[in-house]
Protein chains: 2
Amino acid sequence: MELDRKNWAILEALQQDARLTLTELARRVALSVPAVTERVKRLEEAGVITGYHADVAPQQVGYGLSALIGINCAQPYKNRLLDTLRAAPEVLECCHVTGSDSYIIKVVTRDTRHLEAFIGRINHFGETRTSIVLSVPIPPRAIQPCTPDGT
Amino acid sequence: MELDRKNWAILEALQQDARLTLTELARRVALSVPAVTERVKRLEEAGVITGYHADVAPQQVGYGLSALIGINCAQPYKNRLLDTLRAAPEVLECCHVTGSDSYIIKVVTRDTRHLEAFIGRINHFGETRTSIVLSVPIPPRAIQPCTPDGT
DNA sequence: ATTGAAATAAACGGTAA
DNA sequence: TTACCGTTTATTTCAAT
């Protein structure tokens, strides 16, 4: 799909605030409401925009501890591991990756005791390596236009 | 802040679709529009809801490769590393963590060449360990109510 | 409940292939 | 001319007072 300057302006605005009204969005990108509505619809249908999500602060809802867990899991166990992860409310995200870990899992837990219990439930699938999140110096931020090349 | 069943229903709905109108949200959680409006405002002010963001698919906008990079960086270099990361459009998120890595960085690049160039710009700050993302079996998902204890 | 704002849908006009 | 965007207008829905 073609991403001209206007489309990038729309993406930038909606990544920053997904609850913008179409009217306000139209004003910001200097288009009419129907034009911007049509563009947003196309971006959604083309799979460029995959969803709109409210961010909830884990700390504020009882999860005092976040962690990234790498796990090295042998092929025959992978499906059962994923089933376990999908069923665990502590798991916020899971990536299949190259390198010494098979998967990297983002989890939230109440405290260290809860984290220990969670790890206990998965470490028979493989060796785990846990990195507790101390802070997030760069919180999730917007994807920017890809420069043609170079940098 | 108190999170009763209604508030969790609101959080669940807005995590799933941040662009719900207040009218539709009210209908789903079985409250009046003013009541739900007030609750959302309180959740925002209490820092429970920290923002609303559109998700953009990196693959669809020219970033063919995602990676998680761990870097072990000595204390005196940390600030300069963070400045570099903040200035890099490839960096989507960065966590300060415990363990063998100091930081874990989520990046998007056009291709392996671009990834190599990015690593080249940061690996003088410390030793890097790159995990290329093959797939995301569990995409980012909603935070659920914290069970009192146990599990 | 009332008022103003915003979203949806339809018809019209300009521009480029 | 055809095909494609964008604009304008009118109607319905939504949100704040």
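All values below were derived from every heavy atom in this structure, side-chain atoms included, with hydrogens, water molecules and symmetry-related copies excluded. Naming convention: chains lettered A, B, ... in sequence-line order (proteins, then strands); numbering from 1 in each chain.
- Note on A:E93 versus B:K106: salt bridge recorded, some NZ/NE/NH1/NH2 to OD/OE distance being below 4.0 Å.
- The pair A:R121-A:E90 meets the salt-bridge criterion, with a side-chain N (NZ, NE, NH1 or NH2) lying under 4.0 Å from an Asp/Glu carboxylate O.
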Exercise for review: Take nucleotides 5-17 of chain C nucleotide by nucleotide from the 5' end and write B, S or -, depending on whether a protein heavy atom sits under 4.0 Å from the base, only from the sugar-phosphate, or from neither.
Suggested key: -SSBB--------

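- Across all their heavy atoms, A:P137 and B:C94 have their closest contact at CD-O, 3.3 Å.
- Annotation: the span from B:E2 atom CD to B:D4 atom CG amounts to 5.0 Å, rounded to 0.5 Å.
- Contact between B:V36 and B:L22 at its shortest, heavy atoms only, is CG1-O, 3.7 Å.
- Taking 4.0 angstrom as the limit, A:R42 places a side-chain polar atom (N or O) nearer than this to OP1 or OP2 of D:dC5.
- Rounded to whole Å, atom C1' of D:dC4 lies 15 Å from atom CG of A:L31.
- Taking atom CD of residue B:E38 and atom P of nucleotide D:dA15, one finds them 15 Å apart after rounding to whole Å.
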